[in-house]
Trainee: 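One structure is given below, represented as structure tokens, and several questions about it will come after.
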There are 2 protein chains.
Amino acid sequence: MTNTGQNNWAENVEAALREHGLRLTAQRLAIAQAFFEGEGHPNADELYARVKVRNPAIGQATVYRTLRLLQEVGLASSSTFGTSASRFEASDGEHHDHLVCTQCDLIVEFVNPTIEQLQDDIAATHGFVLTSHRMELYGLCTSCQKG
Amino acid sequence: MTNTGQNNWAENVEAALREHGLRLTAQRLAIAQAFFEGEGHPNADELYARVKVRNPAIGQATVYRTLRLLQEVGLASSSTFGTSASRFEASDGEHHDHLVCTQCDLIVEFVNPTIEQLQDDIAATHGFVLTSHRMELYGLCTSCQKG
DNA sequence: GTAGATGCAAATAGTTTGCAGCAAT
DNA sequence: ATTGCTGCAAACTATTTGCATCTAC
């Protein structure tokens, strides 16, 4: 889900940190703000660049550590989307999959309950208990087809 | 698809190389043999280890270069399956997806035409022209659930 | 006050590349 | 003979980690 900007990320982060016995530091808040109030699916470097605009003292390692932390507490998730660096997005509980334009890197999110159901069926058929899954469709978006 | 061992990989490799104006070297044949006659979804290091048993002089870079080459001519494909190193498999034209056990790294392949159809529909809805896609289900296999 | 967090730099993992020599065509 | 291929080592990219210092609790 694309971040909307006018939301309760701060409460969520604070609650998650508290619940896990972690400290609410200025750096974590700054990184979380850049992440949740920003658009798209940034990689660590892009998020680091965003953060540095307002907080030049923050280190890259802290960005990596905070992104891992957000994933561990369930507020973020990541995928490489076919490229070398991981890209991150906010998790809002509602699972979705991705359409990725291989030319302009546009990422479109979609939800398809039928596919979700089929995935469960397939897992059951093979005796698996599912914990997560990932579906990515790669191609050209409307604009890039014209190029 | 799991490699079977008694097949025509050699012809396919030779034809692909010829078609692309590439040379048929002893190293490429050795690496292709280890790859196509071997089992499972090896990463580059594992394949390198296999190759070195019979051909100790082959370099790691050649394994990487050959794996990239096999992908470029359509005889192999890869995914990270949620881990750090890419894993490779033979492509046989029939698309399949993967169930991955996050505990023992077992990878089970499956085909589901309904999902394939739904993916095309979703792409069409969003105006995308698909070139490829990836679906991976992560969980615990039957044996690992007992552990 | 203390355990946890940070910033820096160094380390690591996976993969790619420059180059001189080698070999398929 | 030419051009591509190989092996080696060095370079590179993305990410993690050790450690001294700092800070939220």
Side-chain angles (χ1 to χ4, degrees), chain A residues 10 13-35 41-52 54-73 76-88 105, chain B residues 10 13-35 41-52 54-73 76-88 105:
Chain A
V13 169
E14 192 176 341
L17 291 175
R18 198 179 305 278
E19 184 179 349
H20 290 258
L22 299 166
R23 291 183 182 171
L24 185 60
T25 66
Q27 290 93 331
R28 284 174 179 172
L29 274 181
I31 293 165
Q33 178 174 40
F35 179 59
H41 296 73
N43 61 29
D45 255 13
E46 288 164 358
L47 185 61
Y48 179 47
R50 279 190 208 165
V51 168
K52 288 236 285 197
R54 290 157 140 261
N55 301 68
I58 288 186
Q60 199 172 19
T62 302
V63 173
Y64 275 103
R65 285 189 272 235
T66 302
L67 281 170
R68 180 166 29 170
L69 186 159
L70 290 174
Q71 291 186 271
E72 284 166 357
V73 303
S77 64
S78 70
S79 172
T80 64
F81 295 114
T83 60
S84 48
S86 291
R87 296 193 161 274
F88 299 82
D105 287 333
Chain B
V13 169
E14 191 177 342
L17 291 175
R18 196 179 305 277
E19 184 179 347
H20 289 258
L22 300 166
R23 292 182 181 172
L24 184 59
T25 66
Q27 290 92 331
R28 284 174 178 173
L29 272 182
I31 293 165
Q33 179 175 40
F35 179 59
H41 297 72
N43 61 30
D45 256 13
E46 289 164 356
L47 186 61
Y48 180 45
R50 279 189 207 167
V51 167
K52 286 234 287 196
R54 289 159 140 262
N55 300 69
I58 288 185
Q60 199 171 20
T62 302
V63 172
Y64 275 103
R65 284 190 273 234
T66 302
L67 280 170
R68 177 167 28 168
L69 186 160
L70 290 174
Q71 290 185 272
E72 285 168 356
V73 302
S77 65
S78 70
S79 173
T80 64
F81 296 113
T83 59
S84 47
S86 291
R87 295 193 163 275
F88 299 82
D105 287 334

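We use all heavy atoms of the structure for the numbers below, so side chains are in, but hydrogens, waters and symmetry mates are not. Being a predicted model, the structure only gives us computed values, none of them experimental. Every chain is numbered from 1 and lettered A, B, ... according to where its sequence line falls, protein lines coming before strand lines.
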Trainee: How many Å lie between NE2 on H20(A) and P on dG4(C), as a whole number?
Mentor: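 After rounding, the gap between these two atoms is 15 Å.
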Trainee: Less than 4.5 Å apart, any side-chain heavy atom of E72(A) and any of H20(A)?
Mentor: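 In short, these two side chains do not touch, never coming nearer than 4.5 Å.
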Trainee: Just how far, in rounded Å, is P of dT15(D) from CG of N43(A)?
Mentor: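 Roughly 7 Å, once rounded to whole Å.
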Trainee: If you look at every heavy atom in T62(A) and I58(A), which pair is closest and at what distance?
Mentor: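 Residues T62(A) and I58(A), closest heavy atoms: CB-CG2, 4.3 Å.
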Trainee: Distance check needed: dT13(D) P versus E46(A) CD, whole Å only.
Mentor: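 After rounding, the gap between these two atoms is 15 Å.
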Trainee: Starting at OH of Y48(B) and ending at C1' of dT16(C), how long is that distance when rounded to a whole Å?
Mentor: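 My rounded result for the distance is 15 Å.
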Trainee: Rounded to whole angstrom units, what separation is found between the CG atom of L22(A) and the P atom of dT23(D)?
Mentor: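 These atoms are roughly 19 Å apart.
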Trainee: What is the distance, rounded to the nearest whole Å, between atom CD of Q27(B) and atom C1' of dA23(C)?
Mentor: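 The distance from CD of Q27(B) to C1' of dA23(C) comes to 9 Å, rounded to the nearest Å.
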Trainee: Within the pair R28(B) and dG4(D), is there a side-chain N or O less than 4.0 Å away from OP1 or OP2?
Mentor: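 No.
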Trainee: Nearest heavy atom decides the nucleotide; on that basis, is R87(A) or T25(B) closer to the 5' end of DNA chain D?
Mentor: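 First, find each residue's nearest nucleotide; the 5'-ward one identifies T25(B).
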Trainee: Would you work out how much the helix from dG1(C)-dC25(D) to dT25(C)-dA1(D) bends between its ends, with each end axis defined by five base pairs, to 10 degrees?
Mentor: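 About 30° separates the two local helix axes.
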Trainee: Within the pair S86(A) and dA14(D), is there a side-chain N or O less than 4.0 Å away from OP1 or OP2?
Mentor: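 No, no such contact exists.
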Trainee: Can you find a side chain N or O atom of R18(B) that sits less than 4.0 Å from OP1 or OP2 on dA24(C)?
Mentor: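 For R18(B), the contact criterion (side-chain N or O under 4.0 Å from OP1 or OP2 of dA24(C)) is not met.
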Trainee: Just the rounded figure in Å: distance from P of dC12(D) to CG of D45(A).
Mentor: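 Result: 16 Å.
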Trainee: Taking R50(A) first and then E46(A), would you say they form a salt bridge - that is, a charged N and a carboxylate O separated by under 4.0 Å?
Mentor: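 No, R50(A) and E46(A) are not salt-bridged.
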Trainee: Do any side-chain atoms of residues 25-32 of chain A form donor-acceptor pairs under 3.5 angstrom with protein atoms, and if so which ones, sequence neighbours left out?
Mentor:
{"from": "T25(A)", "atom 1": "OG1", "to": "R28(A)", "atom 2": "N", "distance (Å)": "3.1"}
{"from": "R28(A)", "atom 1": "NH1", "to": "R23(A)", "atom 2": "O", "distance (Å)": "2.8"}

Trainee: Can you check whether Y64(B) reaches R68(B) side chain to side chain, under 4.5 Å on heavy atoms?
Mentor: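 Side-chain contact under 4.5 Å: no.
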Trainee: Search all heavy atoms of V63(B) against all heavy atoms of Y48(B) and return the closest pair with its distance.
Mentor: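 It is CG2-CD1, 3.7 Å.
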Trainee: Hey, does F88(B) have a side-chain heavy atom less than 4.5 Å from the side chain of L47(B)?
Mentor: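 Counting from C-beta outward, L47(B) and F88(B) never come under 4.5 Å.
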Trainee: Within the structure shown, what part of the strands sits under 4.0 Å from R65(B) by heavy-atom distance: base, sugar-phosphate, or nothing?
Mentor: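 Base, at least one base atom sits under 4.0 Å.
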Trainee: Which sits closer to the 5' end of DNA chain D, R23(B) or T62(B), going by the nucleotide each is nearest to?
Mentor: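 Nearest-nucleotide comparison on DNA chain D picks R23(B).
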Trainee: What integer distance in Å separates E14(B):CD from dA24(C):P?
Mentor: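 Rounding to the nearest Å, CD of E14(B) and P of dA24(C) are 14 Å apart.
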Trainee: Where each residue is assigned the nucleotide of DNA chain C containing its nearest heavy atom, which of A85(B) and L24(B) is assigned the position nearer the 5′ end?
Mentor: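 Closer to the 5' end of DNA chain C: A85(B).
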Trainee: Just to be sure I understand the geometry, which residues of residues 54-61 of chain B put a non-hydrogen atom under 4.0 Å away from DNA chain D?
Mentor: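 Listed by number, they are A57(B), I58(B), G59(B), A61(B).
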Trainee: Working to the nearest 0.5 angstrom, can you tell me the gap between N43(A) CG and D105(A) CG?
Mentor: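 Between N43(A) CG and D105(A) CG, I get 10.0 Å after rounding to 0.5 Å.
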Trainee: Side-chain N or O of Y64(B) versus OP1/OP2 of dT15(C): is the shortest distance under 4.0 Å?
Mentor: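 Result: yes.
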Trainee: Please confirm whether the shortest side-chain N or O distance from S84(A) to OP1 or OP2 of dA14(D) is below 4.0 Å.
Mentor: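 So the side chain of S84(A) is within the cut-off, an N or O lying under 4.0 Å from OP1 or OP2 of dA14(D).
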